[in-house]
Trainee: 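Below: one structure in structure tokens.
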Amino acid sequence: MVLVVQKYGGSSMADAKRIKNVARRIAQAKDKGERVVVVVSAMGDTTDELIKLAYQISEQPGDRELDVLLSTGEIVSSTLLAMALRAMGYEAISLSGAQAGIRTDATYRRAQILKVEAKRVVKELERGNIVIVAGFQGITDEMDITTLGRGGSDTTAVALAASLGAEVCQIYTDVDGVYTADPHLIPEAQKLTEIGYEEMLELASYGAKVVHPRAVELGELFNIPILVASSFTDSSGTLIHGGVSMEVRNKVRSIAQDLDVAKITVVGVPDRPGIAASIFQPLATAGISIDTIVQNASIDNITDLTFTVAKSQLAKAMRLVEPIAKSIGARECVSDSKLGKVSIIGTGMQNTPGYAARMFGALSEQGINIQLITTSEIRITCIIDESRVEDAVRALHRVFEMEIGE
Ligand code: ADP
Ligand code: ASP
Ligand code: MG
């Protein structure tokens with residue numbers, strides 16, 4: 001019997017009517033004779049609301065308590081979905097992340113899955129149950145509850161699919177696939193029928209939240225095809241897999257945008273060995289992830305060091321970096337929290353000149369100032385003012401003729 005893992009996101013589970021709709025879709029798979037494991041997100045904006053509530057209670061709610069609190073969102077949706085299926089006459093059982101054997105490290109708020117001990121899931125499948133697992137959460141060796149980072153239910157789903165040897169992991173959401181740009185922003189965006197893990201990983205890591213980056217990483221590692229499709233329609237989705245044609249398309253495949261960018265510049269840093277380490281080591285110890293790092297060529301052994309962090313981590317990062325900057329004799333530390341990034345992505349850009357020039361030209365035509373640039377072999381990213389990100393995506397979609405489709 002074929003085993004599938006299906007995942008339904010927050011918008012698909014937003015209210016009782018939608019939960020019943022999801023239950024009907026799961027029932028269809030069961031009726032086809034498939035064994036079904038389902039992973040759910042919290043209903044609608046529940047996670048945001050719980051975070052808001054925590055901060056109304058305390059300025060520093062603490063990550064451990066927050067994780068227990070946030071995990072309740074997925075417990076609510078998983079139990080309601082199991083009830084909906086049972087009301088329709090199907091055998092179904094809900095399991096928390098811990099019960100489903102999702103074992104993580106102890107990095108609260110963005111824990112990594114270390115292993116999946118899916119014994120209980122297998123047992124319930126053998127009993128004929130549809131198994132509904134609360135996404136986004138796991139448990140440490142100390143039996144503490146963790147969460148996997150925002151959007152992490154996708155990762156629960158792919159990890160379970162890998163551990164159970166599922167044929168495919170189906171991610172059902174409010175759009176019917178992966179598009180050439182966020183379809184809510186660019187109505188002309190085109191749906192891609194397939195995309196490789198590598199391109200999808202860059203897209204997801206650079207802001208296209210349609211699939212969580214860790215989920216794509218695990219999909220690639222365990223060779224699990226991931227289908228992204230709509231929970232509201234039956235239209236065919238986008239298949240993320242490893243067998244995408246290697247023919248080098250002379251094309252940008254997709255554009256990603258991200259409004260969660262803040263920048264710190266340490267000005268007038270003495271240019272000697274050990275300086276970068278002395279700045280970045282304490283940030284790493286504090287669990288602050290750094291994205292882009294740019295160091296200017298030094299003049300008279302003095303340089304500027306710029307790096308970016310998520311907006312929510314700016315204050316913490318500044319508190320750490322300011323005293324270090326002083327102690328190493330840097331002139332000052334300045335920050336800007338109103339930035340965003342726009343990226344063009346496509347394996348077709350590899351070894352093909354001209355993409356960067358076209359991108360910069362398109363942005364300059366819009367009067368958009370580029371503050372930082374980073375690249376990988378298949379991506380070019382520009383960090384710009386957050387207020388211009390939408391204009392940038394529109395202009396790039398047009399310039400790279402992406403409305404024409406595959
Ligand atoms: P869910 O709640 O189902 O997990 P998310 O909100 O996390 O859904 O992800 C789906 C959203 O991702 C879409 O509503 C869309 O606005 C956004 N998105 C961003 N970039 C893309 C893209 N390239 N293709 C499709 N959707 C995208
Ligand atoms: N509910 C969590 C979030 O909003 C996890 C998820 O939706 O995947 O981030
Ligand atoms: Mg999501």
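What you see is a predicted model, and the numbers here were worked out from it, not measured in a lab. The figures that follow rest on heavy atoms only: side chains count, while hydrogens, waters and symmetry mates do not. Both ligands and their constituent atoms are indexed starting at 1 by order of listing.
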Trainee: Give the single entry among I186, I171, V228, V210 that approaches atom 9 (O) of ligand 1 most closely by any heavy atom.
Mentor: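 Result: the heavy atom closest to atom 9 (O) of ligand 1 is in V210.
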
Trainee: Please report the closest heavy-atom contact between Q366 and R398, naming both atoms and the distance.
Mentor: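 Closest pair (atom of Q366, atom of R398, distance): NE2-NH2, 3.6 Å.
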
Trainee: Any atoms of ligand 1 less than 4.0 Å from a non-hydrogen atom of D174? List them with their elements.
Mentor: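 Counting atoms of ligand 1 from 1, those under 4.0 Å from D174 are 10 (C), 11 (C), 13 (C), 14 (O).
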
Trainee: Side chains of V37 and V121: closer than 4.5 Å at any heavy-atom pair?
Mentor: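 Yes. Closest side-chain heavy atoms under 4.5 Å.
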
Trainee: Would you indicate whether the side-chain heavy atoms of L70 and Q137 approach each other to under 4.5 Å?
Mentor: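 No, their side chains stay 4.5 Å or more apart.
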
Trainee: Taking atom types as modelled and ignoring hydrogens, do the side chains of E202 and S343 form a donor-acceptor contact shorter than 3.5 angstrom?
Mentor: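 No pair is found: no donor N or O on one side chain lies under 3.5 Å from an acceptor on the other.
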
Trainee: Find all atoms of ligand 1 within a distance of less than 4.0 Å from any non-hydrogen atom belonging to K7, and give their numbers and elements.
Mentor: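 In order of numbering, the contacting atoms are 4 (O).
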
Trainee: Is it the case that ligand 1 has an N or O less than 3.5 angstrom from some N or O of G10?
Mentor: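 Checking ligand 1 against G10, an N or O pair does fall under 3.5 Å apart.
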
Trainee: Which ligand 1 atoms does P183 reach within 4.0 Å, using its non-hydrogen atoms?
Mentor: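 Result: 24 (N), 25 (C), 26 (N), 27 (C).
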
Trainee: Do NZ/NE/NH1/NH2 and the carboxylate oxygens of K32 and E34 come within less than 4.0 Å?
Mentor: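 Salt bridge present between K32 and E34.
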
Trainee: Heavy atom under 4.0 Å from ligand 2: found in E74's side chain, backbone, both, or neither?
Mentor: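 Near ligand 2, E74 shows its side chain, while the N, CA, C and O stay back.
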
Trainee: Report yes if some N/O of S41 lies less than 3.5 Å from some N/O of ligand 1; otherwise report no.
Mentor: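 So ligand 1 has no N or O lying under 3.5 Å from an N or O of S41.
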
Trainee: At less than 4.0 angstrom from any non-hydrogen atom of G177, what atoms of ligand 1 do you find?
Mentor: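 So the atoms of ligand 1 that pass are 24 (N), 25 (C).
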
Trainee: At what distance is the nearest protein heavy atom to atom 9 (O) of ligand 2, and which residue and atom is it?
Mentor: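 Nearest protein contact, heavy atoms only, for atom 9 (O) of ligand 2 is R150 NE, 2.7 Å.
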
Trainee: With distance as the sole test, does K115 use its side chain to make a donor-acceptor pair with the main-chain N or O of S163 at under 3.5 Å?
Mentor: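 It does not hold such a pair.
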
Trainee: Is the closest heavy atom of G152 to ligand 2 under 4.0 Å?
Mentor: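 It does, in that a heavy atom of G152 comes within the 4.0 Å cut-off of ligand 2.
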
Trainee: Can a non-hydrogen atom of G151 be found less than 4.0 Å from any atom of ligand 1?
Mentor: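 Distance cut 4.0 Å: G151 fails for ligand 1.
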
Trainee: Does one side chain, of S235 or D176, offer a donor that lies under 3.5 Å from an acceptor on the other?
Mentor: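 Present: a donor and an acceptor within the cut-off.
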
Trainee: Pull out every atom of ligand 1 sitting under 4.0 Å from any heavy atom of A208, numbered as shown with elements.
Mentor: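 Once the distances to A208 are compared, the set is 19 (C), 20 (N).
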
Trainee: Go through the side-chain N and O atoms of S94 and S78 and say whether any donor and acceptor fall under 3.5 Å apart.
Mentor: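 Per modelled atom types, S94 and S78 side chains form no pair under 3.5 Å.
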
Trainee: Judging by distance only, is a nitrogen or oxygen of D154 under 3.5 angstrom from one on ligand 1?
Mentor: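 Between D154 and ligand 1 (N or O atoms, distance only) the closest approach is not under 3.5 Å.
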
Trainee: Nearest to atom 7 (O) of ligand 2, what protein heavy atom do you find, and at what distance?
Mentor: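 Result: S41 OG, 3.1 Å.
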
Trainee: Pick from T47, D63, D67: which one makes a side-chain hydrogen bond (donor to acceptor under 3.5 Å, both in side chains) with T147?
Mentor: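 The option that passes is D67.
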
Trainee: Below the 3.5 angstrom mark, is there an N/O of G151, backbone or side chain, next to an N/O of ligand 2?
Mentor: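 For ligand 2, there is an N or O atom that lies under 3.5 Å from one belonging to G151.
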
